[in-house]
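Here's the structure we're looking at; comments come further down.
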Amino acid sequence: MTERVAATPGLYPLPDRAKETLSDLKGHQKGDLLSGDEGEAIVAEYDEVRAEYVDHQLDAGLDLISEGQGRWDDMIAHPLTVSDAVETGGIVRYYDNNNFYRDPRVVDDLGFSGDVADELTDAADLLAAADGGDDASLAATLPGPYSLAALATDEHYGDEAEFQAAVADFLAGEVEAFPAHETLFLLEPSLVTDPPAEGDESTATDAIATVADATDADVVVQTFYGALGEKLYAHLVDEAGADALGLDLVAGDRDDTVYNVQEFGSTDSLSLGLVDGQNTLVEDAETVAERVEWFESQIPLEGFDRTYLTPNTELFYLPTNKYREKLNALAAAAEVLD
């Protein structure tokens with residue numbers, strides 16, 4: 001019987017109160033964004049935000065609890081923008097939306113940071129101390145190596161494959177410092193929006209496998225913004241070392257996603273993007289559950305080990321009240337399906 005798990009990879013919206021406070025504390029210019037060496041007042045504010053995120057997820061009844069990534073000013077580019085081997089360049093559009101990040105220009109050998117591990121350790125402590133924390137498990141979130149390399153500028157390695165491998169080794173080193181976690185989400189939107197050239201798929205999957213091998217947790221390669229290409233999808237199933245692939249069922253090309261699974265099989269588990277992370281319209285639990293059942297009815301298999309019920313993108317695009325309602329819908333849908 002398939003286990004249904006309500007979860008999100010994180011990247012939640014900052015509460016309005018925190019936005020105002022952090023704007024006053026950090027300033028308003030590109031150079032004022034997070035650099036990894038923030039002062040005590042900024043650290044304290046982010047600690048409060050992290051605690052709110054954990055409480056929100058527990059209140060909703062999610063099975064997996066993420067740190068929330070409130071500090072990630074640069075979205076999934078964050079692990080590089082706080083690295084000592086990186087200089088931040090100009091402002092770049094974050095995929096096809098109205099958000100922007102600082103271009104991480106890699107100018108030296110990438111080495112261990114520990115920034116995300118520290119965040120996750122703080123979240124683990126919050127979860128251990130929280131009422132109801134025993135009923136949920138910790139999930140870690142990182143950008144996947146392909147997307148992180150695609151969002152960055154290489155001014156040091158000089159070769160695309162070598163750069164992807166270096167980013168993968170960097171992320172694997174970060175994972176090795178993580179506290180115990182049940183699941184690792186690797187966010188890989190660029191596999192959809194800017195896929196590897198034909199013949200280069202294995203370079204991307206090798207990089208993902210390097211990160212996946214660094215943890216004993218279940219690894220979910222979470223894609224979004226649409227369907228994967230057929231050949232790349234098959235490579236990911238066979239070569240990435242993932243326990244689950246994340247598939248966007250909100251995007252209009254969802255039939256292509258279903259075809260991929262029908263034609264090329266799947267990982268033992270799947271992560272389904274079921275609520276729209278960029279739309280304030282909140283889906284009810286029954287609608288979310290129906291989407292799961294519709295998808296599973298299309299697949300000629302007895303079932304998956306686990307189905308993750310997730311948003312189809314990060315939720316930071318939404319107002320705080322709407323993101324919380326989306327969490328509630330996912331958790332409630334898991335209950336409906338049980």
Side-chain angles (χ1 to χ4, degrees), residues 1-9 62-66 136-142 144-147 168 171-172 175 178 180-189 191-192 201-202 204-224 227-250 254-274 288-289 291-312 330-331 333-334 337-338:
M1 182 177 177
T2 301
E3 178 187 14
R4 272 60 175 261
V5 174
T8 76
L62 293 189
D63 301 296
L64 290 173
I65 306 301
S66 105
S137 300
L138 186 68
T141 300
L142 276 177
Y146 181 79
S147 294
L171 291 173
V175 170
F178 284 1
H181 52 287
E182 180 177 317
T183 303
L184 170 63
F185 286 95
L186 294 178
L187 307 186
E188 284 284 16
L191 290 173
V192 173
E201 294 92 350
S202 291
T205 55
D206 286 350
I208 294 169
T210 294
V211 185
D213 287 345
T215 180
D216 293 329
D218 290 337
V219 175
V220 181
V221 176
Q222 191 85 358
T223 67
F224 36 96
L228 289 159
E230 295 176 17
K231 187 174 181 181
L232 177 57
Y233 174 88
H235 275 275
L236 287 165
V237 169
D238 292 338
E239 301 170 0
D243 298 279
L245 284 182
L247 307 175
D248 184 348
L249 296 189
V250 175
R254 66 183 67 86
D255 288 339
D256 294 336
T257 293
V258 171
Y259 171 81
N260 284 341
V261 181
Q262 292 172 334
E263 186 71 14
F264 303 106
S266 72
T267 46
D268 291 337
S269 299
L270 283 177
S271 178
L272 304 180
L274 300 162
V288 177
R291 289 174 180 175
V292 175
E293 292 172 336
W294 170 82
F295 175 82
E296 292 179 346
S297 73
Q298 309 298 307
I299 309 305
L301 298 172
E302 293 183 1
F304 308 101
D305 291 346
R306 173 179 278 191
T307 298
Y308 296 89
L309 280 57
T310 72
N312 75 319
L330 290 168
L337 289 164
D338 285 344

Walk me through whether Arg4 and Glu296 qualify under salt bridge (charged side-chain N to carboxylate O under 4.0 Å, His left out).
CA-CA 12 Å; Arg4 272 60 175 261; Glu296 292 179 346; 2.7 Å; yes

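- For Glu239 (side chain) and Asp206 (main-chain N/O), no donor-acceptor pair under 3.5 Å exists by modelled atom type.
- Minimum interatomic distance between Leu191 and Ser147 (heavy atoms only, all atoms of both residues): N-OG, 4.2 Å.
- Applying the side chain to side chain contact (heavy atoms under 4.5 Å, CB included) rule to Asp213 yields no partners; only residues at least two apart in sequence or on another chain are considered.
- Considering CG of Leu270 and CD1 of Ile299, their distance stands at 8.0 Å, rounded to 0.5 Å.
- Legend: residues meeting ring pair (Phe, Tyr, Trp, His ring centres under 6.0 Å) with Phe295, ordered by chain and number and at least two apart, are absent.
- Considering only residues two or more places apart in sequence or on other chains, Asn260 meets the side chain to side chain donor-acceptor pair (under 3.5 Å) condition with none of them.
- Checked against side chain to side chain contact (heavy atoms under 4.5 Å, CB included), Ala168 has the following partners two or more places apart in sequence or in another chain: Pro145, Ala207, Thr210, Val211.
- With hydrogens and angles ignored, the 3.5 Å screen pairs a side-chain donor or acceptor of Ser297 with a backbone N or O of Trp294.
- Checked against side chain to side chain contact (heavy atoms under 4.5 Å, CB included), Asp218 has the following partners two or more places apart in sequence or in another chain: Thr183, Asp243, Arg306, Tyr308.
- In this structure, the side chain to side chain donor-acceptor pair (under 3.5 Å) partners of Ser137, at least two apart in sequence or on a different chain, are Glu182.
- Listed by chain and number, the residues in a side chain to side chain donor-acceptor pair (under 3.5 Å) with Thr141 amount to none (sequence neighbours excluded).
- Residues passing the side chain to side chain donor-acceptor pair (under 3.5 Å) test with Glu201, sequence neighbours excluded: none.
- Heavy-atom minimum distance, Ser269 versus Asp305: OG-CB, 3.5 Å.
- Using bins of under 30°, 30° to 60° and over 60° for the plane-to-plane angle, the ring pair Phe264/Tyr233 lands in the tilted bin.
- The side chain to side chain contact (heavy atoms under 4.5 Å, CB included) check on Val192 picks up Thr223, Leu228, with sequence neighbours excluded.
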side-chain contact (heavy atoms from CB on, under 4.5 Å) evaluation trace for Thr215 with His181
CA-CA 9 Å; Thr215 180; His181 52 287; 2.9 Å; yes

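- At most 12 heavy atoms of other shown residues, nucleotides or ligands fall within 6.0 angstrom of atom CG in Asp216.
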For the pair Val5 and Leu64, evaluate side-chain contact (heavy atoms from CB on, under 4.5 Å) and give the outcome as yes or no after the intermediate values.
CA-CA 7 Å; Val5 174; Leu64 290 173; 3.8 Å; yes

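- Rounding to the nearest 0.5 Å places CG of Leu247 at 7.5 Å from OG of Ser271.
- Here Leu236 contributes atom CG and Ser266 contributes atom OG; the two are 12.5 Å apart, rounded to the nearest 0.5 Å.
- Residues satisfying the ring pair (Phe, Tyr, Trp, His ring centres under 6.0 Å) criterion with His235, sequence neighbours excluded, are absent altogether.
- Looking at Gln222 and Thr310, their side chains do bring a donor and an acceptor atom within 3.5 Å of each other.
- Summarising the geometry of Val237 relative to Gly265, their closest heavy-atom pair is CG2-O, 4.2 Å, with the distance given to 0.1 Å.
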Show the numbers, then the answer: is there a side-chain contact (heavy atoms from CB on, under 4.5 Å) between Leu249 and Arg291?
CA-CA 8 Å; Leu249 296 189; Arg291 289 174 180 175; 5.5 Å; no

Yes or no on side-chain contact (heavy atoms from CB on, under 4.5 Å) for Gln262 and Gln298, after CA distance, side-chain angles and deciding distance?
CA-CA 8 Å; Gln262 292 172 334; Gln298 309 298 307; 3.9 Å; yes

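- The two atoms that bring Ala227 and Thr257 nearest to each other are CB-OG1, 3.3 Å, heavy atoms only.
- Only one option out of Pro189, Pro311, Pro9 pairs with Phe224 in a side chain to side chain contact (heavy atoms under 4.5 Å, CB included); it is Pro189.
- The salt bridge (charged side-chain N to carboxylate O under 4.0 Å, His left out) search around Arg254 returns none, not counting sequence neighbours.
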